[in-house]
Amino acid sequence: MPARIAVRSRRPAYPASVTFPHRFRAYTAFRRAAYAQVAAPRRQFLPRELIADLLAGAQARLPLLDAPDLDWALAERVHDPAFLTRWQGGQVTRAEERALGFPWTPAVVQRALGSSGATLAATRDALTGGLGLNLGGGTHHAYADHAEGFSFLNDVAISARWLLDTGQARRVLILDLDVHQGNGTAAIFASEARVLTVSVHAEHNYPFRKERSGLDVALPDGTGDHAYLHALDTQVAPVVAAFQPDFAFYLAGADVLAGDQLGRLALTLRGAQTRDHQVFRWAARTRTPLVTVMAGGYNRDPQQLIQARWNTLDAAVGAFAPQPAR
């Protein structure tokens, strides 16, 4: 399927002279014109001027590369080609725009291509270096044949399917710790025994009609650090250990934090960072290649959201980077 949306070429995002004490890097679609020149489509999203702060802090931690475009043929391995053709050309109904959550524009396609391309690039990094990072992504509400919940292309599902199709993974874990259930991802892999979908989410939040994941942990409103982390230890960890994945995707949603405009849980920054540490240390200890995408985050205090993203990067690099000898 030929692309109809013009995109900027990929370019280095940091001075060549900068060096880091680790080998890891992250990808971002945030420097694309779809973000840099277009206002956020929802008031809950991080505004353009604060995206610059997010990127600056990320670049202080690791090399930050512009996202490559996803090949449409890979999207067709997950999504219905007729659906993709219509959305690519803007042949979208009002009802479909309402399900997405904002009006269709060419930027919707450009963002999805970049976000999905970044997740695929991070997947390739994880295959070679153990860890891949996308400073975005996690559009888990996208179904095979329709868009929902700010999600047009399901970036994690596309990369997981690529791994299975190319024989580079046999058992894939999708650990979705966004505050919302990953309904699109669960539906896409409902009949795929090689993929375990795990969703820990707010029980009474969107989507109001849930799909069945491999494991669903539905939490009551106001759940805080202790109960959340206890659920990971007692419900999630045993199921993951029994599945024995040889590749994992982690949706590190920051919308679990107290004060999130679209969340109903009440984690602190420290609690969310502890969650991140547990996931990354598990992957490093078991030598499971891991890709992290950031998923949702709509905090009333944008500095809380930005700090949570930086904390996720710090936890990832800290778990996977070789520790200096003492």
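Computed from a predicted model, the values in this text were never measured in an experiment.
- With D255 as reference, D178 is the one residue of L177, L267, D178 to meet the side chain to side chain contact (heavy atoms under 4.5 Å, CB included) rule.
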- Task: For the pair T197 and L175, evaluate side chain to side chain contact (heavy atoms under 4.5 Å, CB included) and give the outcome as yes or no after the intermediate values.
- Result: CA-CA 6 Å; T197 54; L175 178 60; over 6 Å; no
- Item | Intermediate values then yes/no, side chain to side chain contact (heavy atoms under 4.5 Å, CB included), V198 and I174 | CA-CA 6 Å; V198 175; I174 300 177; over 6 Å; no
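- For A169, the side-chain contact (heavy atoms from CB on, under 4.5 Å) partners at least two apart in sequence or on another chain are L163, V172, D246, F247.
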- Evaluate side-chain hydrogen bond (donor to acceptor under 3.5 Å, both in side chains) for R275 paired with Y250, printing each intermediate quantity in order. CA-CA 11 Å; R275 173 200 70 173; Y250 170 38; 3.0 Å; yes
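- Across all their heavy atoms, A284 and F320 have their closest contact at N-CZ, 3.9 Å.
- In this structure, the side chains of W162 and D71 stay at 4.5 Å or more apart for every pair of heavy atoms.
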- Item | Stepwise side-chain hydrogen bond (donor to acceptor under 3.5 Å, both in side chains) check, H140 with D176 | CA-CA 9 Å; H140 57 167; D176 192 336; 2.5 Å; yes
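- Side-chain contact between V109 and F152: present, with at least one pair of heavy atoms (C-beta onward) separated by less than 4.5 Å.
- The residues D165 and R77 are annotated as salt-bridged, a charged nitrogen and a carboxylate oxygen being separated by less than 4.0 angstrom.
- A donor-acceptor pair under 3.5 Å is formed between the side chain of R23 and the backbone N or O of G129.
- Nearest approach of L265 to P220, heavy atoms of both residues: CD2-O, 3.6 Å.
- Residues A308 and A254 share a closest heavy-atom pair of CB-CB, 4.0 Å.
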- Message: Checking L46 against L305 for the side chain to side chain contact (heavy atoms under 4.5 Å, CB included) test, could you report, in this order, the C-alpha distance in whole Å, the side-chain angles of both residues, the deciding distance, and whether it holds?
- Response: CA-CA 9 Å; L46 196 64; L305 170 60; 4.1 Å; yes
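- Rounded to the nearest 0.5 angstrom, L50 CG and Q303 CD are separated by 6.0 Å.
- Put simply, the side chain of E96 gets close to the backbone of T93: a donor and an acceptor are under 3.5 Å apart.
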- Should Y206 and H141 be marked as a ring-ring contact (aromatic ring centres under 6.0 Å, His included) after you check the CA-CA gap, both sets of side-chain angles, and the distance that decides it? CA-CA 10 Å; Y206 179 93; H141 299 307; 5.1 Å; yes
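- In the hydrophobic cluster analysis, where Ile, Leu, Val, Met, Phe, Trp and Tyr join through side-chain heavy atoms closer than 4.5 angstrom, Y143 is grouped apart from L70.
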- Test side chain to side chain contact (heavy atoms under 4.5 Å, CB included) on H146 and L100 and set out the steps. CA-CA 9 Å; H146 67 274; L100 176 66; over 6 Å; no
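- Between L135 and L55 the shortest side-chain heavy-atom distance falls below 4.5 Å.
- In this structure, the side chain of S116 does not engage the main chain of L113 through any donor-acceptor pair within 3.5 Å.
- When only modelled atom types and interatomic distance are considered, T139 and N154 share no side-chain donor-acceptor pair under 3.5 Å.
- In terms of heavy-atom proximity, A202 sits nearest to R264 at CB-CB, 4.2 Å.
- Listed for the H79 side chain is no donor-acceptor partner under 3.5 Å among the backbone atoms of I158.
- Atom OG1 of residue T28 and atom CG of residue L54 lie 7.5 Å apart, to the nearest 0.5 angstrom.
- Residue N183 forms a side chain to side chain donor-acceptor pair (under 3.5 Å) with just one option from H201, E148, K210, R209, and that option is E148.
- Between the side chain of S115 and the backbone N or O of R111, no donor-acceptor pair lies under 3.5 Å.
- The NE2 atom of H180 sits 10.5 Å away from atom OG of S151, with the distance rounded to the nearest 0.5 Å.
- The cationic atom of R86 (NZ for Lys, CZ for Arg) does not lie both less than 6.0 Å from the six-membered ring centre of W104 and within 45° of the ring axis.
- Note: H230 and H226 have parallel aromatic rings, judged against thresholds of 30 and 60 degrees for the angle between ring planes.
- Under the 4.5 Å side-chain criterion, counting only non-hydrogen atoms from C-beta, Q304 is in contact with L269.
- Here the rule is side chain to side chain donor-acceptor pair (under 3.5 Å) with Y27, and of N134, D66, D125 only D125 fits it.
- At distances below 3.5 Å, at least one donor-acceptor pair connects side-chain atoms of D216 with backbone N or O atoms of S213.
- Listed here is the closest heavy atom pair of L173 and P245: CB-CB, 3.7 Å.
- Counting only residues at least two apart or in different chains, side-chain hydrogen bond (donor to acceptor under 3.5 Å, both in side chains) contacts with residues 307-318 comprise R61-D314, D276-T312, Q307-N311.
- Residues V200 and L232 have side chains in contact (heavy-atom distance under 4.5 Å, counting atoms from C-beta outward).
- Remark: side-chain polar atoms of Q181 are paired, donor with acceptor, to backbone N or O of E211 under 3.5 angstrom.
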- Query: Please walk me through it: do D155 and T119 pass side-chain hydrogen bond (donor to acceptor under 3.5 Å, both in side chains)?
  - Reply: CA-CA 6 Å; D155 60 303; T119 297; 2.7 Å; yes
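- Checking side-chain atoms of N299 against main-chain N and O of A258 turns up a donor-acceptor pair under 3.5 Å.
- Between V108 and F102 the shortest side-chain heavy-atom distance falls below 4.5 Å.
- The main-chain N or O of L64 is never found under 3.5 Å from a side-chain atom of Q59 such that the two would form a donor-acceptor pair.
- Considering only heavy atoms from C-beta on, L84 stays 4.5 Å or farther from D80 through its side chain.
- Rounding to the nearest 0.5 Å gives a distance of 7.5 Å between CG of D221 and CG of N205.
- Residue pairs that meet the salt bridge (Lys or Arg N to Asp or Glu O under 4.0 Å) test with at least one member in residues 179-205, sequence neighbours left out, are R161-E192, E192-R194.
- Across all non-hydrogen atoms, the minimal contact from F24 to L62 is O-CB, 3.8 Å.
- With rounding to the nearest 0.5 angstrom, the NE2 atom of H277 is 11.5 Å from the CG atom of L229.
- Residue S159 holds its OG atom at 11.0 Å from CG of L164, rounded to the nearest 0.5 Å.
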